[in-house]
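Per chain, numbering begins at 1; letters A, B, ... match sequence-line order.
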Amino acid sequence: MPKFTEVETVRRTLAAVLPGRTIETVHVALPRLIKNASPADFAAALRGQTVTAVQRKGKYLRLVFDGPRHLLIHLRMTGSLVYFPAAADLPKSAHIIFRLDKGNLVYCDVRTFGCLWLIPPAGPTGVKGYDTLGPDANGPDFTVDYIWSLLKKSERTVKAFLLDQTVIAGLGNIYADEALFLAGIRPSRRCGSMTKKSLVALHEAIQSVLAEGITYGGTTIRNFVNGSGREGGNRKNLAVYGREGEPCIKCGTAVQYVKQGGRGTRYCPHCQK
DNA sequence: CAATCCCCCTGGGCGC
DNA sequence: TGCGCCCAGGGGGATT
């Protein structure tokens with residue numbers, strides 16, 4: 001599922017219902033999802049904890065409690081975190097169940113790549129990917145000048161650069177392709193060949209695709225559901241992702257598919273230079 | 001430092 | 001209808 005629009009959609013949904021709720025018990029059906037504690041320690045640390053906030057940084061969700069541990073979650077490809085206000089049949093992929101004073105919070109994950117960690121409320125967490133995150137793609141520190149300073153030093157492709165979470169936190173494969181299309185930049189272009197002008201266009205395109213993705217509630221490709229279990233509605237807005245072989249919406253040229261850095265990459269060979 | 005490959009897994013889609 | 005293959009939004013690690 002994720003890129004951060006999906007994670008942000010989940011965050012917003014949960015932030016509306018979780019604060020004030022208290023965890024009564026935790027059931028761990030798939031222990032390997034918890035990366036830095038045994039199931040027993042994990043359950044014991046969270047029992048009796050009251051949620052005070054639901055935060056996001058990059059593609060990580062953070063449940064803030066009134067106690068000495070926070071819960072950090074990465075949904076990876078197919079994870080979801082869903083609040084059930086009343087008793088309900090749980091999906092087969094419900095791997096971790098937090099029984100609350102009112103309702104249940106359920107971590108579901110078909111491919112089971114997701115990760116959960118207990119972390120301290122402040123300071124380094126020991127979770128490498130989290131501690132090294134760059135500025136959020138929709139945050140105030142993600143500026144043209146910031147990107148320019150890194151871009152000049154890099155010899156990588158622009159797409160690899162965009163997906164590097166230490167550079168920009170939150171951008172995923174779909175939105176990287178979409179932003180590059182919108183800015184007219186070929187994914188295989190070298191960072192060093194970028195002009196300030198094309199960077200400004202790219203910066204704007206990133207903000208734009210992310211804002212739109214959030215507005216439409218995330219992009220449902222296969223397994224994405226938001227914190228209420230509803231699917232996102234953004235798929236129809238995608239210009240290149242999932243449209244390989246179909247005509248470019250600007251010029252009609254067939255959208256190309258290539259593997260770049262192991263990731264499926266789509267672009268218009270006419271519009272993107 | 002950058003690129004590639006492989007891994008973690010399940011299930012949908014498609015060709016035969 | 002069934003089987004086997006290929007594919008997938010993420011990211012970490014080993015290797016070249």
[X] side-chain N/O to [N] phosphate OP1/OP2 under 4.0 Å:
X: A:R266; N: C:dG9; result: yes
X: A:R190; N: B:dA3; result: yes
X: A:K92; N: B:dG11; result: yes
X: A:Y241; N: C:dG9; result: yes
X: A:K259; N: B:dC5; result: no
X: A:K128; N: C:dG13; result: yes
X: A:R32; N: B:dC9; result: yes
X: A:Y257; N: C:dA8; result: yes

Expressed as a whole number of angstroms, how long is the span from [X]:[atom1] to [N]:[atom2]?
X: A:L171; N: C:dG11; atom1: CG; atom2: C1'; answer: 15 Å
X: A:K153; N: B:dA2; atom1: NZ; atom2: P; answer: 11 Å
X: A:D164; N: C:dG12; atom1: CG; atom2: P; answer: 10 Å
X: A:H95; N: B:dC9; atom1: NE2; atom2: P; answer: 11 Å
X: A:L163; N: C:dG9; atom1: CG; atom2: P; answer: 10 Å
X: A:L150; N: B:dC1; atom1: CG; atom2: P; answer: 13 Å
X: A:L151; N: B:dC1; atom1: CG; atom2: C1'; answer: 16 Å
X: A:K59; N: C:dG9; atom1: NZ; atom2: C1'; answer: 8 Å

Name all stems that contain residues of DNA chain B, defined as runs of 3 or more consecutive Watson-Crick or G-U wobble pairs, both distances under 3.5 Å.
-> B:2-8 with C:10-16, B:10-16 with C:2-8
How close do [X] and [Y] get, counting heavy atoms only, and between which atoms?
X: A:H270; Y: A:K273; result: O-NZ, 2.8 Å
X: A:C115; Y: A:F113; result: SG-O, 3.6 Å
X: A:R11; Y: A:V54; result: NH1-O, 3.2 Å

Run the numbers on A:N104 and A:L90 for side-chain contact (heavy atoms from CB on, under 4.5 Å), then give the verdict.
-> CA-CA 10 Å; A:N104 292 300; A:L90 300 181; 5.7 Å; no
With heavy atoms under 4.0 Å as the rule, sort A:S154 into base, sugar-phosphate or nothing.
-> sugar-phosphate
Base, sugar-phosphate, or nothing: which does A:G262 touch, judged by heavy atoms less than 4.0 Å apart?
-> nothing
Given the rule that I, L, V, M, F, W and Y join up when any side-chain heavy atoms are under 4.5 Å apart, are A:Y107 and A:L30 in one cluster?
-> yes
With centres under 5.5 Å and planes under 30° as the test, does A:F113 stack with B:dC8?
-> yes
Can you tell me, in whole Å, how much space there is between the P of B:dC5 and that of C:dC6?
-> 15 Å
Same-atom distance (P) from C:dC3 to B:dC9, integer angstrom = 24 Å
Taking atom types as modelled, find out whether A:T157 and A:S188 have a side-chain donor-acceptor pair closer than 3.5 angstrom.
-> no
Between A:D109 and A:S93, do the side chains contain an N or O donor and an N or O acceptor separated by less than 3.5 Å?
-> no
[X], nearest nucleotide to its side chain (from [options]):
X: A:R156; options: B:dA2, C:dA8, C:dG9; answer: B:dA2
X: A:I174; options: B:dT10, C:dG9, C:dG11; answer: C:dG9
X: A:R76; options: C:dA8, B:dG11, C:dG12; answer: C:dG12

Would you list the pairs meeting ring pair (Phe, Tyr, Trp, His ring centres under 6.0 Å) in which at least one residue belongs to residues 123-172 of chain A, sequence neighbours left out?
-> A:Y60-A:Y130, A:F142-A:H203
Cationic N near anionic O, under 4.0 Å, A:K57 to A:D136 | no
